[in-house]
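As the structure is a computational prediction, the values presented were derived from the model and not from experiment. Just so we're on the same page: letters track the sequence lines, and every chain starts at 1.
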Amino acid sequence: MERPAPVAVPLGQAEVFQALQRLHMTVFSQSVSPCGKFLAAGNNYGQIAIFSLSAALSSEAKEESKKPVVTFQAHDGPVYSMVSTDRHLLSAGDGEVKAWLWAEILKKGCKEMWRRQPPYRTSLEVPEINALLLVPKENSLILAGGDCQLHTMDLETGTFTRALRGHTDYIHCLALRERSPEVLSGGEDGAVRLWDLRTAKEAQTIEVYKHEECSRPHNGRWIGCLATDSDWMVCGGGPALTLWHLRSSTPTTIFPIRAPQKHVTFYQDLVLTAAGNSCRVDVFTNLGYRAFSLSF
Amino acid sequence: MSSESSKKRKPKVIRSDGAPAEGKRNRSDTEQEGKYYSEEAEVDLRDPGRDYELYKYTCQELQRLMAEIQDLKSRGGKDVAIEIEERRIQSCVHFMTLKKLNRLAHIRLKKGRDQTHEAKQKVDAYHLQLQNLLYEVMHLQKEITKCLEFKSKHEEIDLVSLEEFYKEAPPDISKAEVTMGDPHQQTLARLDWELEQRKRLAEKYRECLSNKEKILKEIEVKKEYLSSLQPRLNSIMQASLPVQEYLFMPFDQAHKQYETARHLPPPLYVLFVQATAYGQACDKTLSVAIEGSVDEAKALFKPPDDSQDDESDSDAEEEQTTKRRRPTLGVQLDDKRKEMLKRHPLSVMVDLKCKDESVLHLTFYYLMNLNILTVKAKVTTATELITPISAGDLLSPDSVLSCLYPGDHGKKTPNPANQYQFDKVGILTLRDYVLDLGHPYLWVQKLGGLHFPKEQPQHTVIADHSLSASHMETTMKLLKTRVQSRLALHKQFASLEHGIVPVTSDCQYLFPAKVVSRLVKWVTVAHEDYMELHFTKDIVEAGLAGDTNLYYMALIERGTAKLQAAVVLNPGYSSIPPIFQLCLNWKGEKTNSNDDNIRAMESEVNVCYKELCGPRPGHQLLTNQLQRLCVLLDVYLETESHDDSVEGPKEFPQEKMCLRLFRGPSRMKPFKYNHPQGFFSHR
């Protein structure tokens with residue numbers, strides 16, 4: 001891969017600082033607008049940038065089309081997760097969830113429509129929100145993060161209806177099992193828990209690290225990513241990426257990837273997964289072999 | 001006349017009839033004279049028609065008698081003679097009638113003629129009168145038109161408008177009642193007023209002229225007075241010299257310096273003037289002096305034509321001498337190069353004293369043929385400095401002023417026209433000569449008022465005072481900060497080389513009380529070596545590792561863990577922060593490409609540097625960053641999760657107080673130190 005030659009431009013204090021910021025920036029979350037033309041991305045400095053997908057992907061795209069249309073400071077801390085409803089962009093990071101109107105977001109000086117903070121128990125440190133999940137049937141939002149609980153918020157009234165407790169360490173990721181409305185959550189404590197939304201109780205627990213086939217103690221036991229297809233579930237992180245059959249809670253296939261996985265999703269018959277530390281997006285079939293990899 | 005004409009005519013008439021003329025005439029004359037008998041009156045009484053009938057009858061009778069006579073004569077006989085006599089007497093009577101008739105006719109004719117004549121004369125007279133009158137009429141008409149066309153001079157004068165006139169004119173001139181109705185009077189009044197005004201203005205004009213004369217005279221007098229003042233002041237100055245020396249106020253010295261300054265080339269002169277002014281007005285620690293030989297400068301200073309001649313002369317001389325000596329081309333080129341790079345014999349010395357008694361000596365030179373200024377710098381300190389090995393480049397004259405403004409490295413000539421001159425004599429770049437000639441920094445050109453615009457290269461660039469003045473203050477302040485930061489670094493390096501990170505007491509609050517990791521090594525690294533390191537590729541790609549920066553390597557150790565930190569020190573320290581790239585060797589090699597926590601540690605010192613600046617002017621930045629790295633290494637090692645599969649205790653027990661060990665999807669360690677509570681949390 002060719003690397004661009006270093007640019008010899010006289011750099012003042014502002015330019016150096018900007019360059020350093022960009023070197024140390026991490027994009028944690030992204031979300032596509034309901035119309036499909038824009039992509040919102042949130043980074044570790046708490047900024048949200050809106051990119052125009054139609055301009056960047058068009059045949060006449062120039063360098064400027066790949067730069068954000070607008071960037072604004074959304075949160076004080078990192079923006080760990082974002083999700084889009086049909087009218088709003090919801091972003092969450094440092095303990096609060098804020099909503100932005102997609103129609104207004106391109107204007108300068110956009111302000112959030114509302115912000116809510118789930119009721120936390122501790123007051124010393126504000127826990128972060130790592131995952132947001134929309135439950136369309138109930139028109140509610142589920143937040144999960146640093147305080148080890150899942151909070152449900154009703155999108156119409158903005159009140160927090162339930163708090164599901166059970167995890168012993170903070171929660172990394174959420175997935176929705178549509179048929180029986182159940183939520184899966186994976187956390188730092190190494191367990192994947194299934195919650196029934198109607199009874200608000202824990203239905204099932206899978207402690208991944210206890211299974212020898214998939215555990216990798218040198219990486220830790222944390223579950224970084226979850227995806228579910230109603231009967232099946234894929235999870236990974238510290239332990240290896242594994243495909244589980246939910247009814248029997250047994251691991252069926254272990255995918256042979258070394259690095260801890262950060263993102264995974266089901267796509268039709270395939271499983272797409274990406275790790276934070278490599279430049280590849282691996283595509284697997286359900287049968288467990290790697291079909292191909294998309295590489296940067 | 002009429003009688004004469006009748007006399008003339010009568011004989012003709014009579015002769016044509018053939019009758020005896022003179023005898024009858026005589027008788028008619030006497031008849032006329034003897035009697036007071038007016039035939040004229042008779043004419044009026046008789047009727048011309050009857051006279052004409054009578055004439056015709058008489059003629060007939062005559063003809064008859066003549067015929068009878070004729071007959072009788074032709075018949076002959078005795079009584080014929082009596083009858084002829086009778087007839088002859090009758091015809092004589094008839095002849096007398098004819099004569100009377102003739103006379104009457106003549107008289108009538110004469111009368112007729114006289115009457116006609118009279119009438120004609122009257123008509124002529126009238127005709128003449130008519131002509132005279134017509135002629136007069138014509139004459140009068142001409143006169144009238146002339147009069148009507150007459151333009152009086154008064155109409156050419158621009159009079160003031162009616163309203164103004166009525167407003168301004170005094171009532172005795174305007175006489176409104178009279179003039180309103182009568183335009184003739186009105187015009188007269190207006191003309192009067194005009195005359196008045198003109199008289200007044202003429203008066204004023206005369207007065208002003210006389211004033212002006214007076215004032216001119218006064219000016220003359222004062223000028224004389226002032227010119228006589230100069231020699232008096234000179235004598236006072238001379239007399240005051242001993243007093244000046246006694247009071248330590250060297251006005252004369254300043255004066256002499258200004259005298260010398262007159263021989264400076266324009267950019268140096270601008271620099272001198274602006275620097276002196278700035279020193280006097282704003283900054284007492286700045287002192288300016290002129291060095292060099294004034295005589296040489298005077299020898300150089302000639303009008304442009306002469307100097308061109310001089311050059312050509314010297315060229316010609318050179319050629320001659322070279323022909324005689326036959327030297328190599330190299331020597332010839334060398335001489336040309338030396339000529340091109342020649343310096344003006346005078347130079348300006350500026351000394352900047354800093355708070356800690358260290359002095360920055362700047363010497364400014366002017367390269368005449370290239371029209372640029374260069375500077376040589378030297379830093380002297382109050383006490384002698386022992387230079388640590390790594391601090392070699394910090395205060396070296398070559399690099400101490402490098403990049404005072406971003407990008408101003410001073411290795412290239414700022415004047416684009418110089419390139420063509422260089423090509424002629426085979427000089428590639430000025431970089432080879434900077435050690436000798438001084439650095440041609442852009443700010444030096446600006447202080448000398450020289451501006452070389454890139455877009456439109458100008459033929460001759462002249463020194464501009466306002467450009468110099470606008471840059472003076474900022475540049476002097478930057479120079480002082482530069483010297484002080486370099487001296488601070490100098491001291492810090494001495495300590496770093498001994499393995500001690502010198503944290504001042506007012507920065508202690510940034511770090512926890514106990515820091516176990518230690519700085520073990522601090523060395524300089526060459527630019528090429530830095531580029532070769534495998535963990536510095538990001539910085540190199542971002543263009544932050546140019547050749548004007550200084551590079552160092554620090555090694556921090558704790559137990560078996562070794563942390564290498566490659567440091568890029570920008571000449572603009574401390575406003576531009578040093579940049580660190582880390583590589584940790586502990587249970588494998590971890591860099592920012594394979595461990596997010598290493599990346600977070602780099603972010604803590606590179607991006608969050610503002611909290612580490614310490615008190616102004618921020619010279620503690622580097623040492624604080626190094627100390628923070630030690631703290632971060634401590635946190636990293638102590639919070640590393642214990643691997644259950646490996647036996648034995650943790651190498652580094654957790655001593656730091658942390659609220660949570662991991663946070664966020666990237667599972668960051670708590671690197672942020674909270675003061676004064678003393679625990680670690682996440683950003």
_So, using side chain to side chain donor-acceptor pair (under 3.5 Å) as the criterion, who are the partners of A/Gln47 when residues are at least two apart?_
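For A/Gln47, the residues satisfying side chain to side chain donor-acceptor pair (under 3.5 Å) (neighbours in sequence not counted) are A/Asn43.
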*Salt-bridged, B/Arg628 to B/Glu611, with N to O below 4.0 Å?*
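Salt bridge between B/Arg628 and B/Glu611, a charged N being under 4.0 Å from a carboxylate O: yes.
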*Are more than 12 heavy atoms from other residues, nucleotides or ligands located less than 6.0 Å from atom CG of B/Asn585?*
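Atom CG in B/Asn585 is crowded, with more than 12 foreign heavy atoms closer than 6.0 Å.
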*Whether over 12 other heavy atoms sit under 6.0 Å from A/Gln73 CD*: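 Counting other residues, nucleotides and ligands, CD of A/Gln73 exceeds 12 neighbours.
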_Region of B/His409 that comes under 4.5 Å of a non-hydrogen atom in chain A_ =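 Neither the backbone nor the side chain of B/His409 comes within 4.5 Å of chain A.
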*So which part of A/Glu188 gets closer than 4.5 Å to some heavy atom of chain B, the side chain, the backbone, both or neither?*
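Contact with chain B: side chain only.
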*What residues form a side chain to side chain contact (heavy atoms under 4.5 Å, CB included) with B/Leu478, not counting sequence neighbours?*
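Side chain to side chain contact (heavy atoms under 4.5 Å, CB included) list for B/Leu478, sorted by chain: B/Leu404, B/Tyr405.
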*Hey, which residues of residues 165-176 of chain A are touching chain B, say heavy atoms under 4.5 Å apart?*
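Residues of residues 165-176 of chain A touching chain B at under 4.5 Å: A/Tyr170, A/His172.
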*Could you list the residues that satisfy ring pair (Phe, Tyr, Trp, His ring centres under 6.0 Å) with A/Tyr45, not counting sequence neighbours?*
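Ring pair (Phe, Tyr, Trp, His ring centres under 6.0 Å) check on A/Tyr45 returns nothing, list empty.
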Most heavy-atom pairs under 4.5 angstrom with chain B, which of [options]?
{"options": "A/Leu20, A/Asn44, A/Ile129", "value": "A/Leu20"}
{"options": "A/Tyr80, A/Phe28, A/Trp222", "value": "A/Trp222"}
{"options": "A/Gln13, A/Met25, A/Glu128", "value": "A/Glu128"}

*OG1 of B/Thr536 to CG of B/Asn592: how many Å apart, nearest 0.5 Å?*
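Nearest 0.5 Å value for the OG1-CG distance: 10.0 Å.
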_Distance-only side-chain donor-acceptor flag, A/Ser31 / A/Ser84, under 3.5 Å_ =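 A pair is found: one side chain offers a donor N or O, the other an acceptor, under 3.5 Å apart.
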